[in-house]
Protein chains: 2
Amino acid sequence: MIRLAGITKVYHMGEDVTVNALAGIDLEIGAREFVAVMGPSGSGKSTLMNIIGCLDRPSGGRYTLDGIDVARMSDRELAQVRNARIGFVFQTFNLLPRMTALRNVELPLVYAGVARGTRHRPATPAPRHRRPPAALARVGLADRTRHRPSQLSGGQRQRVAIARALVNNPSIVFADEPTGNLDTATGSEIMDLLADLHDAGATIILVTHEAAVAAYAGRVIHLRDGRITRDEARTPD
Amino acid sequence: MIRLAGITKVYHMGEDVTVNALAGIDLEIGAREFVAVMGPSGSGKSTLMNIIGCLDRPSGGRYTLDGIDVARMSDRELAQVRNARIGFVFQTFNLLPRMTALRNVELPLVYAGVARGTRHRPATPAPRHRRPPAALARVGLADRTRHRPSQLSGGQRQRVAIARALVNNPSIVFADEPTGNLDTATGSEIMDLLADLHDAGATIILVTHEAAVAAYAGRVIHLRDGRITRDEARTPD
Ligand SMILES: Nc1ncnc2c1ncn2[C@@H]1O[C@H](COP(=O)(O)OP(=O)(O)OP(=O)(O)O)[C@@H](O)[C@H]1O
Ligand SMILES: Nc1ncnc2c1ncn2[C@@H]1O[C@H](COP(=O)(O)OP(=O)(O)OP(=O)(O)O)[C@@H](O)[C@H]1O
Ligand SMILES: [Mg+2]
Ligand SMILES: [Mg+2]
């Protein structure tokens with residue numbers, strides 16, 4: 001389903017400085033897998049996630065998603081894939097600061113054209129429209145829907161980012177350190193939520209530095225200096 | 001040294017909604033202590049840190065720092081205390097996006113008047129001026145000084161925030177989830193750095209959700225719903 005061959009990502013900074021964020025990645029991830037990506041700070045995990053999640057383009061190599069060469073997709077086609085199939089929880093949340101939690105979670109539905117009606121098109125039937133409040137309730141934020149990001153704790157912002165990533169029922173979920181700002185109990189609730197989605201058929205790819213979180217995955221990939229150093233199936237506990 | 005009595009923080013959101021972020025905190029922290037603050041997401045940890053760190057004012061109660069009632073300090077006096085004595089690592093880093101890592105770390109020195117010379121005053125002697133590069137090297141970012149935050153990984157931004165907090169040799173270090181975005185090995189290096197500062201006489205107050213991080217502290221305080229539920233001295237390992 002996801003196939004990377006010789007993927008590189010190079011940053012050129014003025015004065016001859018080159019950063020090889022990814023130095024040749026060969027990787028295949030099948031549908032319905034649950035993969036954890038681990039590795040030192042700066043080793044390329046977020047860069048890898050952004051490329052697989054169609055948020056960034058590689059410098060070299062080939063990425064095919066369900067047999068389609070992603071390099072041949074236009075920006076618009078990439079955006080459509082992202083909206084329809086992918087949910088992305090960013091390491092730094094990336095919430096819109098002037099919108100409430102609820103509005104932030106509604107946004108993917110608006111982009112996918114399934115939110116409120118417009119004068120050209122009636123509103124989508126209720127079940128879909130009710131998703132944002134339900135998504136926020138599922139991450140324990142039913143009483144924070146009207147808060148803006150600056151009025152939320154760090155872990156609450158992280159959970160709004162998680163709810164936003166899941167509201168469109170994505171078939172592939174990318175989660176970059178989804179429990180980094182959460183206490184252990186709340187983190188477990190989030191991991192149970194991801195495990196439920198996995199059971200329901202989603203592919204989950206997450207970055208974590210915590211062994212307890214990686215334990216939910218069926219496979220653990222280790223990165224170092226932009227390369228994969230280990231790729232092991234593990235028996236889920 | 002730090003004394004909180006009946007400290008409250010209340011947010012009033014339109015339409016009769018009140019959030020009691022802190023609901024009555026009584027707490028004393030002495031010089032040279034190493035304290036870990038733990039508790040569920042949204043329980044008031046960052047709010048408490050911001051008040052003790054003189055970044056925010058309580059709604060009620062009394063906070064005395066070295067015998068001085070902080071409520072009686074002007075904003076300018078508070079800023080001076082912060083710059084001279086306090087280093088703060090924010091949960092969401094708060095780096096200036098258009099400045100390089102080096103410039104971000106230099107800022108506290110500029111505010112404290114110890115950076116480069118101006119036409120009114122010669123530059124401060126070299127040892128202080130060399131602090132920003134040394135501070136960045138100590139967190140493993142010697143080769144990232146010219147990167148801006150958007151050109152850094154999540155954990156690298158976190159480490160820039162840590163270097164910035166420590167560059168002024170603060171006597172009180174506040175660290176809000178300082179290892180949340182770091183792999184275990186890098187996280188240990190940061191904790192060793194904090195332990196060294198503690199040995200050298202600093203007071204360390206940190207928020208964490210990881211037991212391995214709290215293990216460095218001599219005392220662990222638990223918050224829930226804006227109150228302290230447990231306050232235990234522990235034998236450092
Ligand atoms: N400006 C604000 N207006 C309204 N409510 C706020 C505001 N800032 C914070 N809160 C609320 O105050 C509570 C405490 O927030 P705080 O950031 O101290 O929590 P925390 O313990 O640091 O959580 P986390 O572990 O998720 O970082 C939260 O429930 C939050 O929603
Ligand atoms: N725009 C950029 N320009 C230059 N270098 C960059 C840029 N973005 C990222 N890098 C570098 O690429 C490397 C990989 O970054 P990436 O964000 O993928 O790391 P990571 O594994 O996610 O780290 P962390 O665990 O700290 O989040 C880092 O060393 C970083 O400094
Ligand atoms: Mg990252
Ligand atoms: Mg917090």
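Keep in mind it's a predicted model, so treat the numbers as computed, not measured. Throughout, protein chains are lettered first and strands after them, A, B, ... in sequence-line order, and every chain is numbered starting at 1.
- Around CG of B:Asp192, the count of heavy atoms belonging to other residues, nucleotides or ligands within 6.0 Å exceeds 12.
- In this structure, B:Tyr63 has no ring pair (Phe, Tyr, Trp, His ring centres under 6.0 Å) partners at least two apart in sequence or on a different chain.
- Within the 4.5 angstrom heavy-atom criterion, only side-chain atoms of B:Thr92, from C-beta onward, approach chain A.
- Heavy atoms of other residues, nucleotides or ligands lying less than 6.0 angstrom from CG of A:Asp196 number more than 12.
- The residue among A:Lys45, A:Arg144, A:Glu210 with the most heavy atom pairs within less than 4.5 Å of chain B is A:Glu210.
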Identify all side-chain donor-acceptor contacts of residues 33-41 of chain B below 3.5 Å with residues at least two apart in sequence or on another chain.
unit_1, atom_1, unit_2, atom_2, d
B:Glu33, OE1, B:Arg219, NH1, 3.0
B:Glu33, OE2, B:Gly30, N, 2.8
B:Glu33, OE2, B:Arg219, NH1, 3.3
B:Ser41, OG, A:Arg159, NH2, 2.7

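- Taking 4.5 Å as the heavy-atom cut-off, the residues of residues 172-188 of chain B that approach chain A are B:Glu177, B:Thr179, B:Gly180, B:Asn181, B:Leu182, B:Asp183, B:Thr184, B:Thr186, ordered by number.
- Neither the backbone nor the side chain of A:Val17 has a heavy atom closer than 4.5 Å to any heavy atom of chain B.
- Annotation: side chain of A:His147 is in contact with side chain of B:Met13 (closest heavy-atom distance under 4.5 Å).
- Taking B:Ala212, B:Gly140, B:Gly42 one by one and counting their heavy-atom pairs under 4.5 Å with chain A, the maximum is reached by B:Gly42.
- With a 4.5 angstrom heavy-atom cutoff, A:Gln158 does not touch chain B via any of its atoms.
- In this view, A:Thr47 satisfies the side chain to side chain donor-acceptor pair (under 3.5 Å) rule with no residue, not counting sequence neighbours.
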